[in-house]
Amino acid sequence: MAKKANIKKDKVKKIVIDKSKSIIDAPSGMFSDKINEPFAHEMIVSKDRSENLTPKQRKRKWKSMANYFSANSLWMLMYCTGCCAIELPQAMTSRYDMERLGMGPMATPRQADILLITGYLSLKTLRRLIYTYEQMSEPKYVVGFGPCTLNGGIYHDSHAVINQLDQYVPIDLYIAGCMPKPEAVMNGFQDLIDLIEVGEATGWKDYHARYEWYKQNQKEALGEVMIHDEFHE
Amino acid sequence: MTITITDFLVAFGVAFCGWALQTSVSGITRKTVARMQKRYGPKWYQNFRDIFKLLNKRAITHGWVYDFGVIMALAGIIGTAMFTPVANIVVFKGYDNFFVFVYLFAVGMLGMAMSASGSGNPLASIGVMRALTQMVGYEVPFMVIVLALIHVRDTSSISALVDIQQASGWNLVVMPIGTIVGFICLMGMLGKKPFDTYIAPAELASGPMVEYGGKQLGMLMIMHEIATFVEISLFVNLFLGGGSNILEFLVKYFIVYTLASYVSNVLGRFKIDQVVTFYYKIPILLALIQAGMLVIFGWGV
């Protein structure tokens, strides 16, 4: 009996190591602190309860449960930089009622799940945005509003505004329109929920996997990511 | 009286069912409030989804005081909930004293204050300071009323007070002014508007909760639901005659929480100095009048 248990443990370990080779495809590691060992903890805990399932099925079950909860309770942090922010009050209040999707505004980056970037970003605000994004706890998602986050929009030739936001932070979803109507905003959020439920909104894993690349882009644009003022020292 | 392991299991059951009950009731309230505002509102189980989502997230830490305080807060509140008499379920008979609640409740609140201060964020410190200031405000009128009640009934056991009320009429009838004061103080305890000065999302960025995210915030949400359960149960037991069966208790519980939420949804927020001045003007005056009527003249007893 003891021998059997040992073999099983080995199997579990082996599978974990195999899966950790491709970090981007790995399932969300919800109790694990290391990105390289997703679900190592769960697999051992849940082994006794669902003995009939293969490790792969078990992993999928846990993953889908975690995705269900993440998708249906999205707390927003609104980074209201540009004009698209004006479309959010309608989406939030009685007319379009974002709360029926389980979404709501939150006060701080620590509590939030999605970061809404509503419009253009100047170099000065990009620094703060990177700080904010890195403070959020994982899994976290980013939504870009309008063409300004996609290719610079009407500010494409400005010296002070970045053009392609996804070079600096990973974006999970863009919402089109200048500005997007509240219908488009709600539709976009529904799409984001669908993406999270099937586990395809993996921007935060991409940020881990290509961290050096993102940092290099940030440095090229900003010179230095650190902020030197009286609030950050 | 000997306490067996079964008692502890039943007590844990009370705490767990209290959590499940309060989470469902607050979900239903979210829905009905949304309907009042001509919205659809979330599903009634949205709060469960929020809690499980938070427990799913990865957590960061700001030091061991921050982590330990959260656990202390949750444990203190679960401990308090274990003593709560629900209808005719009194787990630890003879220990369900009013003062046990007062002291045990402080453990949870102090744990939270310690943890929030341990996060090192100045907004959290301001939030904790405001919460304690508000506590100074509502505790005085509440204590005046409850001590007068304990004096005339000659017992401080919650289940004994419930039994007296079952026999000779609810305290809502015996001391109507006192019940109003109790309800105003309950609003302060729950942190409902206009007394949500210490949360104040637009002003303090949610006060003590400012640095919490992920698992710690999930644990604090569980703690908040159980604390609400204890406070509402206390009000129902002290003023509305508890319940002779579970159903009666649940109906009263639902009415009290829903009423508090509805009142909260049509009011704005007080400033912290306005909270204390308010409590030290109207509720304390009403409380003293009620205490005089009870203790000196013996009206309604």
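All figures in this text were calculated on a predicted structure; none of them were measured in a lab. Chain A is the first sequence line, chain B the second, and so forth, proteins listed ahead of strands; every chain is numbered from 1.
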- Query: Any sub-3.5 Å donor-acceptor pair from A/Glu99's side-chain atoms to B/Tyr40's backbone N or O?
  - Reply: no
- Pick one of side chain, backbone, both or neither for A/Tyr96, based on which atoms fall under 4.5 Å of a heavy atom in chain B. neither
- Does CD1 belonging to A/Ile86 count more than 12 external heavy atoms closer than 6.0 Å? no
- One should read off an interatomic distance between B/Arg39 CZ and A/Arg95 CZ, to the nearest 0.5 angstrom, of 15.5 Å
- Looking only at non-hydrogen atoms, find the nearest pair between A/Asn72 and B/Gln46 and report the distance. O-NE2, 3.1 Å
- Message: Minimum heavy-atom separation for A/Asp113 and B/Lys57, please, with both atom names.
- Response: OD1-NZ, 2.5 Å
- Message: The criterion is salt bridge (Lys or Arg N to Asp or Glu O under 4.0 Å); which residues satisfy it with A/Lys140, sequence neighbours excluded?
- Response: none
- Identify the heavy atoms of A/Ser94 and B/Gln37 that sit nearest to each other, and give their distance. OG-O, 2.7 Å
- Query: So does B/Tyr262 have more than 12 non-hydrogen atoms from other groups sitting under 6.0 Å from OH?
  - Reply: yes
- Query: Quick one: are A/Trp75 and B/Leu54 in side-chain contact, heavy atoms under 4.5 Å?
  - Reply: yes
- Task: Please look at B/Glu211 and chain A and tell me whether the side chain, the backbone, both or neither of the residue comes under 4.5 angstrom of a heavy atom of that chain.
- Result: both
- Message: Would you compute the distance between atom NZ of B/Lys38 and atom OG1 of A/Thr93 and round it to the nearest 0.5 angstrom?
- Response: 13.5 Å
- Query: Taking only residues two or more places apart in sequence, or in another chain, which ones meet A/Ala71 in a side-chain contact (heavy atoms from CB on, under 4.5 Å)?
  - Reply: A/Ile193, A/Ile196, A/Glu197
- Message: Quick check for you: to the nearest 0.5 Å, what is the distance between A/Asn67 atom CG and B/Lys53 atom NZ?
- Response: 13.5 Å
- Residues, nucleotides or ligands: over 12 heavy atoms within 6.0 Å of A/Lys219 NZ: no
- Task: Could you list which of residues 104-112 of chain A have a heavy atom closer than 4.5 Å to any heavy atom of chain B, in residue-number order?
- Result: A/Ala107, A/Thr108, A/Arg110, A/Gln111, A/Ala112
- Note on the structure: Sorted by chain and residue number, the salt bridge (Lys or Arg N to Asp or Glu O under 4.0 Å) partners of B/Asp196 (sequence neighbours excluded) come out as B/Arg269
